[in-house]
Enquirer: 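Let me begin by handing over the structure; questions about it come next.
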Amino acid sequence: MTQPIFLVGARGCGKTTVGTALAQALGRNFVDTDNYLLTSTQMSVADIVALEGWEGFRARESQALQTVTAQDTVVATGGGMVLAEVNRQFMREQGIVIYLRAPAQILADRLEAFPEEGQRPTLTGKPVTDEIVEVLAAREALYRETAHHVIDASHSPEAVVDAVLAALRMARAS
Ligand code: ADP
Ligand code: MG
């Protein structure tokens, strides 16, 4: 199995954390579209949005996805990657898509514990938990429709990695 593995899900679901460990377990390279954007533009997400709007950010995000995608990689994606049909189709066609699913309260707790890692301009200007509930409600169907596998990401990173590995094994065996 060499086709890329894409991790999708809301901010805080563990795409970067689980992706890094998963890549290590599989002997793959790990790439992260958010990190790629930051290092290639030398700008934060907030900077890009202030300069080019969300539309400009989304265009750069699509570009980043296509640039980092390669055989033998685990690709962590930005939480909004599934918003564009072109991205959803690209990921489904090019590889295996895994949705790391966690309830809003868990996402909120994680982002509250480590706010610096989740720093993003607010999408709605509302309190964090309210915003997460709204964003999840709007995106849940897109995460599900894009994913080949939905994994419960509310457990420890090690347990989530094991669940992903089990899903990949089952898919290969079937
Ligand atoms: P994402 O890349 O999906 O936005 P991160 O991997 O950056 O999420 O995780 C966000 C925060 O939540 C980090 O502080 C990370 O340490 C923590 N975290 C991630 N996955 C888990 C997990 N399964 N259990 C507990 N904390 C987690
Ligand atoms: Mg991340």
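Counting starts at 1 for both ligands and their atoms, in listed order.
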Enquirer: Identify, by atom number and element, the atoms of ligand 1 in contact range of R11, meaning under 4.0 Å from any of its heavy atoms.
Expert: 4 (O)
Enquirer: Given 3.5 Å as the limit, does a donor-acceptor pair link the side chain of T73 with the main chain of T69, or not?
Expert: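 Looks like no, no N/O pair under 3.5 Å.
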Enquirer: Hey, are the side chains of E131 and R11 touching, using non-hydrogen atoms and a 4.5 Å cut-off?
Expert: yes
Enquirer: Which protein N, O or S atoms lie under 2.8 Å from the Mg ion (ligand 2)?
Expert: T16 OG1
Enquirer: Quick check: L111 and ligand 1, any N/O pair under 3.5 Å apart?
Expert: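 So ligand 1 has no N or O lying under 3.5 Å from an N or O of L111.
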Enquirer: How close do V160 and H155 get, heavy atom to heavy atom, and via which atoms?
Expert: CG2-O, 3.5 Å
Enquirer: Using the test side chain to side chain contact (heavy atoms under 4.5 Å, CB included), find all partners of Q89 that sit at least two apart in sequence or belong to another chain.
Expert: E85, E93
Enquirer: Hey, is the main chain of G9 close enough, under 3.5 Å, to the side chain of K15 for a donor-acceptor pair?
Expert: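 Judged by distance alone, yes, a pair lies under 3.5 Å.
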Enquirer: With a 4.0 Å heavy-atom cut-off (strictly under), which part of A113 contacts ligand 1: side chain, backbone, both or neither?
Expert: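 Within the 4.0 Å criterion, A113 makes no contact with ligand 1.
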Enquirer: Would you mind running through ligand 1 and noting each atom that sits below 4.0 Å from a heavy atom of H155?
Expert: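 The atoms of ligand 1 under 4.0 Å from a heavy atom of H155 are 22 (C), 23 (N), 24 (N).
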Enquirer: Tell me which one of R110, E158, K15 gets a heavy atom nearest to atom 25 (C) of ligand 1.
Expert: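 Among R110, E158, K15, the closest heavy atom to atom 25 (C) of ligand 1 comes from R110.
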Enquirer: Check each atom of ligand 1 against the heavy atoms of A10 and keep those under 4.0 Å away; list them by number with element.
Expert: 3 (O)
Enquirer: Any atoms of ligand 1 less than 4.0 Å from a non-hydrogen atom of G14? List them with their elements.
Expert: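 So the atoms of ligand 1 that pass are 1 (P), 3 (O), 5 (P), 6 (O), 8 (O), 19 (C), 20 (N).
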Enquirer: Based purely on interatomic distance, does V160 place a nitrogen or oxygen under 3.5 Å from a nitrogen or oxygen of ligand 1?
Expert: no
Enquirer: Would you say C13 contacts ligand 1, with heavy atoms under 4.0 Å as the rule?
Expert: yes
Enquirer: To the nearest 0.5 Å, what is the distance between CG (L38) and CG (D32)?
Expert: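 Spacing of CG (L38) from CG (D32) equals 8.5 Å.
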Enquirer: One pair to check against side-chain hydrogen bond (donor to acceptor under 3.5 Å, both in side chains): Y99 and E145. What are the steps and the verdict?
Expert: CA-CA 10 Å; Y99 171 25; E145 110 179 29; over 6 Å; no
Enquirer: Is there side-chain contact between T41 and D47, with at least one heavy-atom pair below 4.5 Å?
Expert: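 The answer is no, as the side chains (C-beta and beyond) never meet within the 4.5 Å cut-off.
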Enquirer: Atom CZ in R101, atom CD1 in I106: separation rounded to 0.5 Å?
Expert: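 Answer for the CZ-CD1 pair, R101 versus I106, is 11.0 Å.
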Enquirer: Could you say whether the N/O atoms of P157 and ligand 1 ever approach to under 3.5 Å?
Expert: yes
Enquirer: Should one rank T17, L7, V8 by closest heavy-atom distance to atom 19 (C) of ligand 1, which comes out on top?
Expert: T17
Enquirer: Applying a heavy-atom cut-off of 4.0 Å, say which part of A76 lies close to ligand 1: side chain, backbone, both or neither.
Expert: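 The answer is neither; A76 stays 4.0 Å or more away.
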Enquirer: Indicate yes or no for a side-chain donor-acceptor contact from T33 to the backbone of G78 under 3.5 Å, with no hydrogens or angles considered.
Expert: yes
Enquirer: Quick one: does A102 get a heavy atom under 4.0 Å from ligand 1?
Expert: no
Enquirer: Closer than 4.0 angstrom, basic N to acidic O: yes or no for R58 and E61?
Expert: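 So R58 pairs with E61 through a salt bridge.
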Enquirer: Is the shortest heavy-atom distance from the side chain of V82 to the side chain of T77 under 4.5 Å?
Expert: no
